[in-house]
Q: 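I'd like to ask you about the structure that follows.
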Amino acid sequence: MGVIAWLVLGLLAGAIAKAILPGRDPGGLIGTTVIGVAGAFLGGWLSAKFLDRPVEREFFDATTWGSAIAGALVLLIGYRILFGNSRD
């Protein structure tokens with residue numbers, strides 16, 4: 001997958017993570033998108049490093065999507081823990 005595919009995957013993973021974990025995010029849409037892209041990279045790295053399941057080069061692979069969404073969820077939860085009360 002190219003860089004554009006990773007960006008699209010991260011954007012969609014961030015949106016799915018936001019749908020799974022609704023609520024007010026301190027970063028808004030742009031913050032959620034950045035978290036999704038970073039989560040896609042983090043999830044792919046963790047999957048390859050610790051689960052011995054490298055991310056396939058195909059865009060529509062279930063492992064790729066699962067790791068991207070899981071990584072985005074982890075980062076979104078961490079982001080809310082650290083900066084969750086900044087919009088009160």
Q: Spell out, yes or no, whether Phe41 and Trp65 are grouped together once hydrophobic residues are joined by side-chain heavy atoms under 4.5 Å, including indirect joins.
A: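 Yes, Phe41 and Trp65 fall within the same hydrophobic cluster.
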
Q: Would you kindly confirm whether Leu82 and Leu75 end up in one hydrophobic cluster when ILVMFWY residues are joined by side chain heavy atoms under 4.5 Å apart?
A: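 Hydrophobic grouping puts Leu82 with Leu75.
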
Q: Could you tell me which non-hydrogen atom of Ala17 sits nearest to which non-hydrogen atom of Ile69, and how far apart they are?
A: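 Shortest heavy-atom contact: CB-O, 4.5 Å.
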
Q: What heavy-atom pair brings Ile35 and Ala72 nearest, and what distance separates the two atoms?
A: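 Taking Ile35 first and Ala72 second, the nearest heavy atoms are CG2-O, 3.8 Å.
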
Q: Can you tell me how far CG of Leu76 sits from CG of Leu21, rounded to the nearest 0.5 angstrom?
A: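 It comes to 5.0 Å.
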
Q: Shared ILVMFWY cluster between Leu42 and Tyr79, side chains joined below 4.5 angstrom?
A: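 Both belong to a single hydrophobic cluster.
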
